[in-house]
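In what follows, every chain begins at residue 1, and chains take the letters A, B, ... in the order their sequences are listed.
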Protein chains: 2
Amino acid sequence: MNELEPEHLKSAGLKSTLPRLKVLDLFKNGQARHMSAEDVYQLLRDSGDNVGLATVYRVLTQFEQAGLLVRHNFEGGKSVFELNEGTHHDHIVCMQCGHVEEFYDSAIESRQKKIAAELGFEIHDHTLQIYGDCTKTKCPHRR
Amino acid sequence: MNELEPEHLKSAGLKSTLPRLKVLDLFKNGQARHMSAEDVYQLLRDSGDNVGLATVYRVLTQFEQAGLLVRHNFEGGKSVFELNEGTHHDHIVCMQCGHVEEFYDSAIESRQKKIAAELGFEIHDHTLQIYGDCTKTKCPHRR
DNA sequence: GTCGCAAACGATAATCATTCTCATTTGCAT
DNA sequence: ATGCAAATGAGAATGATTATCGTTTGCGAC
């Protein structure tokens with residue numbers, strides 16, 4: 001098991017508690033990059049930790065506000081989170097298997113800045129998702 | 001009052017009922033272009049119509065499936081709908097007042113197609129929203 | 001090291017948007 | 001006009017998320 005990093009919590013003004021370290025570890029060392037609150041809850045439960053669902057929601061929101069995680073609202077009605085590694089990117093989501101790929105396109109980014117400026121907006125944030133199928137015939141990430 | 005257009009419902013395989021005509025009229029002749037289910041419900045109630053919220057949700061979903069309306073999932077947890085006029089566009093949403101502007105950028109569109117192809121995806125749909133403030137100092141659309 | 005206390009926790013109730021159920025009403029073809 | 005399946009309205013049910021509250025815990029002061 002890799003080392004947990006309570007200093008990240010400290011610097012965010014958050015006490016270094018057990019549930020918070022567990023959640024952070026899941027995102028840093030777990031296998032899934034994008035997880036919903038329920039996903040996190042189930043994974044912690046499966047590994048024998050007695051965490052409450054409410055705590056998971058609280059911690060995810062705090063981590064989002066602290067800039068440790070980024071929240072996405074993909075279709076399907078539940079928020080998914082991923083580690084904030086400082087590099088902005090957009091997402092393309094497979095509607096067959098739920099697989100998520102990330103991409104970054106500087107041309108799209110700069111067009112957005114230009115458009116916002118033209119319309120008199122100051123950008124806070126933006127979100128671009130493409131929904132589709134992994135391939136035309138067979139989804140390689142089917143679960 | 002402008003004329004309602006039951007033939008749109010007919011061609012979509014939907015009976016031309018009173019609640020459906022009322023909802024369609026709101027989108028065609030109402031003042032707000034983007035409305036949530038609750039918005040539609042309240043507006044119909046305010047104009048004296050005895051519609052049920054469940055019916056509003058049903059009708060909006062049917063209209064979406066029939067291609068009469070487009071559904072958007074902006075931040076805030078509720079779906080908003082707008083008339084489908086055939087022209088795809090993306091949205092920039094003011095986080096102060098909720099005002100929505102539409103835009104279309106062919107450069108962004110073509111980059112998306114290219115990216116999806118490179119990643120082996122067949123695009124079903126995509127959604128791009130920019131969140132920001134109307135202006136730096138004072139929001140002209142504040143309500 | 002332990003004491004104290006505010007912060008954080010877990011369980012569960014509450015909330016919010018949305019969907020489902022079902023008895024009643026209504027378009028529409030006969 | 002009549003019949004009946006489709007549509008409606010009221011309210012219950014659901015799923016995700018948030019608030020409440022009594023208990024536990026991290027951590028600084030002693």
Side-chain angles (χ1 to χ4, degrees), chain A residues 4-26 34-66 68-69 71-81 98, chain B residues 4-26 34-66 68-69 71-81 98:
Chain A
L4 300 180
E5 306 180 27
E7 59 278 12
H8 282 169
L9 299 179
K10 272 279 177 47
S11 65
L14 296 170
K15 270 193 205 171
S16 153
T17 68
L18 223 45
R20 286 178 183 156
L21 292 172
K22 295 271 177 55
V23 170
L24 192 53
D25 181 53
L26 247 191
H34 301 87
M35 289 181 282
S36 68
E38 190 68 28
D39 293 338
V40 170
Y41 176 69
Q42 287 305 333
L43 285 170
L44 292 182
R45 278 296 165 123
D46 292 351
S47 63
D49 297 307
N50 181 30
V51 289
L53 181 55
T55 301
V56 171
Y57 274 102
R58 264 188 304 243
V59 169
L60 290 175
T61 300
Q62 289 161 343
F63 283 5
E64 183 200 6
Q65 289 168 347
L68 294 172
L69 297 179
R71 179 196 300 258
H72 300 290
N73 297 297
F74 296 155
E75 282 181 10
K78 47 175 64 177
S79 296
V80 305
F81 297 81
Chain B
L4 301 180
E5 308 181 26
E7 60 278 11
H8 283 169
L9 299 179
K10 272 279 179 46
S11 65
L14 297 170
K15 271 193 204 171
S16 153
T17 68
L18 222 46
R20 286 177 184 157
L21 293 172
K22 296 273 178 54
V23 171
L24 192 53
D25 180 53
L26 247 192
H34 300 86
M35 289 181 282
S36 68
E38 191 68 30
D39 293 339
V40 170
Y41 177 69
Q42 287 305 332
L43 284 170
L44 291 184
R45 279 296 165 123
D46 292 352
S47 63
D49 296 307
N50 181 30
V51 289
L53 182 54
T55 299
V56 171
Y57 274 101
R58 265 189 303 243
V59 168
L60 289 175
T61 301
Q62 289 161 345
F63 283 6
E64 182 199 8
Q65 289 168 349
L68 294 172
L69 296 178
R71 178 196 301 259
H72 299 291
N73 297 296
F74 297 155
E75 281 181 11
K78 48 176 63 175
S79 297
V80 305
F81 297 82

Spacing of [X] atom [atom1] relative to [N] atom [atom2], expressed in whole Å:
| X | N | atom1 | atom2 | value |
| --- | --- | --- | --- | --- |
| L53(A) | dG10(C) | CG | P | 11 Å |
| K15(B) | dT25(C) | NZ | C1' | 11 Å |
| K22(A) | dA8(C) | NZ | C1' | 14 Å |
| H72(A) | dA16(D) | NE2 | C1' | 18 Å |
| Y41(A) | dA11(C) | OH | P | 7 Å |
| K78(B) | dT18(C) | NZ | P | 7 Å |
| L14(A) | dA6(C) | CG | C1' | 15 Å |
| D49(B) | dA10(D) | CG | P | 12 Å |

Open item on the list: Which nucleotide wins on minimum distance to the side chain of A37(A), given the candidates dC20(C), dT17(D), dC27(D)?
Closed with: dT17(D)
Open item on the list: Given dT17(D), dA19(D), dA7(D), identify the nucleotide with an atom nearest to the side chain of A54(A).
Closed with: dA19(D)
Can any side-chain N or O of [X] pair as donor or acceptor with the backbone N or O of [Y] at less than 3.5 Å?
| X | Y | answer |
| --- | --- | --- |
| D25(B) | K22(B) | no |
| R45(B) | V51(B) | yes |
| R71(A) | V80(A) | no |

Task: Position toward the 5' end of DNA chain C (nearest nucleotide), T17(B) or T55(A) - done: T55(A)
Open item on the list: Closest-nucleotide mapping onto DNA chain C: is V59(A) or Y57(B) further toward the 5' terminus? I mean the 5' end.
Closed with: V59(A)
Task: Under 3.5 Å donor-acceptor pair, R20(A) side-chain atoms to dG26(D) base atoms - done: no
- [ ] Please tell me which of R45(B) and E38(A) maps to the more 5' nucleotide of DNA chain D, matching each residue to the nucleotide holding its nearest heavy atom.
- [x] R45(B)
Task: side-chain N/O N50(A) vs dA11(C) OP1/OP2, d < 4.0 Å - done: yes
Open item on the list: For dT17(D) and S79(A) - does any side-chain N or O of the residue sit under 4.0 Å from the phosphate oxygens OP1/OP2?
Closed with: yes
Task: Check: Q42(A) and D46(A) side chains under 4.5 Å, non-hydrogen atoms - done: yes
- [ ] Rounded to the nearest 0.5 Å, what's the gap from OG1 on T17(A) to CG on L9(A)? Could you check?
- [x] 7.5 Å
